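Beneath this line is the structure, given in structure tokens, with notes to follow.
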Amino acid sequence: MPDTDAVTQEQPRSHVLVADDEAIAAMALERFLTRKGYRVTTACDGREALAIHRQDPADIVVTDMRMPRGGGHELIGNLRSTDDLLPIVVMTGYMSPNEEEAIPAGDRLVVMQKPIEVERLLEIIRSFTG
């Protein structure tokens with residue numbers, strides 16, 4: 001029986017950009033999403049993620065909020081300044097009310113609490129990428 005998650009040669013693979021300063025978490029997401037047929041690029045902070053996105057635009061961005069260089073708020077602001085329709089999934093372990101208010105509202109932005117439920121993340125990514 002064929003794997004329903006496998007991608008055929010005819011189907012373009014959606015590009016997921018994962019920005020997280022926790023290398024093990026980023027690698028785990030990369031491995032999981034790659035097995036599900038996505039092309040995944042990882043970045044260790046928001047600045048690197050923005051540079052990657054400029055060179056190789058992602059179809060969806062999954063980002064941590066708290067990172068050392070260019071946190072999630074900065075990354076989201078920069079991404080939204082050029083593409084307000086880009087789907088973004090925010091991962092956070094804790095978000096203060098001020099931080100939550102600072103996230104731009106929109107139906108193409110989803111906030112998930114850490115630890116991430118990978119199957120739920122996959123559902124969200126699929127809802128945006130088809």
Side-chain angles (χ1 to χ4, degrees):
M1 179 178 217
D3 181 359
T4 57
D5 288 328
V7 176
T8 65
Q9 293 286 1
E10 297 82 38
Q11 296 173 310
R13 298 191 317 156
S14 295
H15 180 206
V16 180
L17 174 56
V18 176
D20 195 332
D21 61 323
E22 295 178 32
I24 292 172
M27 287 171 31
L29 280 178
E30 177 182 27
R31 200 169 314 129
F32 173 76
L33 293 172
T34 299
R35 282 196 317 261
K36 298 300 181 180
Y38 292 92
R39 183 169 65 89
V40 181
T41 306
T42 61
C44 64
D45 59 45
R47 291 183 189 167
E48 182 182 15
L50 188 60
I52 290 169
H53 183 71
R54 287 181 176 148
Q55 291 292 316
D56 184 12
D59 297 302
I60 186 167
V61 174
V62 179
T63 183
D64 190 8
M65 284 305 290
R66 296 185 180 182
M67 296 179 284
R69 291 179 347 118
H73 288 290
E74 183 180 327
L75 176 59
I76 293 167
N78 284 318
L79 292 170
R80 287 286 186 246
S81 71
T82 59
D83 184 354
D84 59 351
L85 296 178
L86 178 67
I88 299 173
V89 178
V90 174
M91 306 179 295
T92 184
Y94 169 79
M95 193 174 341
S96 71
N98 289 344
E99 288 175 310
E100 200 165 338
E101 288 175 16
I103 294 177
D107 57 355
R108 301 193 64 81
L109 189 137
V110 176
V111 177
M112 295 184 74
Q113 293 293 319
K114 286 184 174 182
I116 297 300
E117 296 176 27
V118 292
E119 290 298 331
R120 176 69 183 125
L121 176 62
L122 181 61
E123 288 174 18
I124 292 167
I125 290 171
R126 285 180 173 160
S127 74
F128 286 121
T129 62

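As a basis for the values below, the full set of heavy atoms in this structure was taken, side chains included, without hydrogen atoms, waters or symmetry mates. Every value quoted in this text rests on a predicted model; they were computed, and no experiment measured them.
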Between Ile124 and Met112, is the side chain to side chain contact (heavy atoms under 4.5 Å, CB included) condition met? List the steps. CA-CA 10 Å; Ile124 292 167; Met112 295 184 74; 3.8 Å; yes
Val110 vs Phe128, side chain to side chain contact (heavy atoms under 4.5 Å, CB included): CA-CA, chis, key distance, verdict: CA-CA 11 Å; Val110 176; Phe128 286 121; 4.0 Å; yes
What distance separates Glu74 CD from Met65 CE, expressed to the nearest 0.5 Å? 11.0 Å
Could you tell me whether the side chain of Arg108 and the main chain of Leu86 form a donor-acceptor pair under 3.5 Å? no
Between Val111 and Leu109, which heavy-atom pair has the shortest distance, and what is it? CG2-CD2, 3.9 Å
Keeping His53 on the side-chain end and Leu17 on the backbone end, is there a donor-acceptor pair under 3.5 Å? no
When you compare the side chain of Thr92 with that of Gln113, does any pair of heavy atoms fall below 4.5 Å? yes
If hydrophobic clusters are built from ILVMFWY residues whose side chains come within less than 4.5 Å, do Val62 and Val40 share one? yes
Rounded to the nearest 0.5 Å, what separates atom OG1 in Thr82 from atom CG in Leu85? 11.0 Å
Just verifying a value: how many Å separate Ile116 CD1 and Met91 CE, rounded to the nearest 0.5 Å? 5.5 Å
Kindly write out the residues that satisfy side-chain hydrogen bond (donor to acceptor under 3.5 Å, both in side chains) with Asp59, not counting sequence neighbours, or none if the list is empty. none
When you measure from the side chain of Thr34 to the backbone N and O of Arg31, does any donor-acceptor pair fall under 3.5 Å? no
Go through Leu50 and Leu75 one step at a time and tell me if the side chain to side chain contact (heavy atoms under 4.5 Å, CB included) criterion holds. CA-CA 7 Å; Leu50 188 60; Leu75 176 59; 4.1 Å; yes
Sorted by chain and residue number, the side-chain hydrogen bond (donor to acceptor under 3.5 Å, both in side chains) partners of Arg69 (sequence neighbours excluded) come out as Asp45
Is any side-chain heavy atom of Leu79 less than 4.5 Å from a side-chain heavy atom of Ile88? yes
Answer yes or no: is there a side-chain heavy-atom contact under 4.5 Å between His15 and Thr41? yes
Can you give me the closest heavy-atom contact between Ala19 and Ala49, atom names plus distance? CB-CB, 3.8 Å
Donor-acceptor contact present, side-chain Asp84 to main-chain Arg80, <3.5 Å: no
Once rounded to the nearest 0.5 Å, what's the spacing between atom CZ of Arg35 and atom CG of Leu33? 9.0 Å
Do Ile52 and Val90 share a hydrophobic cluster, counting only Ile, Leu, Val, Met, Phe, Trp and Tyr and linking them when any side-chain heavy atoms are less than 4.5 Å apart? yes
Can you tell me how far apart CZ (Arg66) and CG (Asp20) are? Round to the nearest 0.5 Å. 13.0 Å
Are the charged groups of Lys114 and Asp64 less than 4.0 angstrom apart, N to O? yes
Salt-bridged, Arg126 to Glu123, with N to O below 4.0 Å? no
According to a 4.5 Å side-chain heavy-atom criterion applied to Ile, Leu, Val, Met, Phe, Trp and Tyr, with indirect links allowed, do Met67 and Ile76 form part of one hydrophobic cluster? no
Single-linkage hydrophobic cluster, 4.5 Å side-chain cutoff, Met27 and Leu29 together: no
Do Phe32 and Glu119 pass the side chain to side chain contact (heavy atoms under 4.5 Å, CB included) test, and can you show the C-alpha distance, the side-chain angles, and the key distance before you say yes or no? CA-CA 10 Å; Phe32 173 76; Glu119 290 298 331; 3.7 Å; yes
Is a side-chain donor or acceptor of Glu48 paired with a backbone partner of Cys44 at a separation under 3.5 angstrom? yes
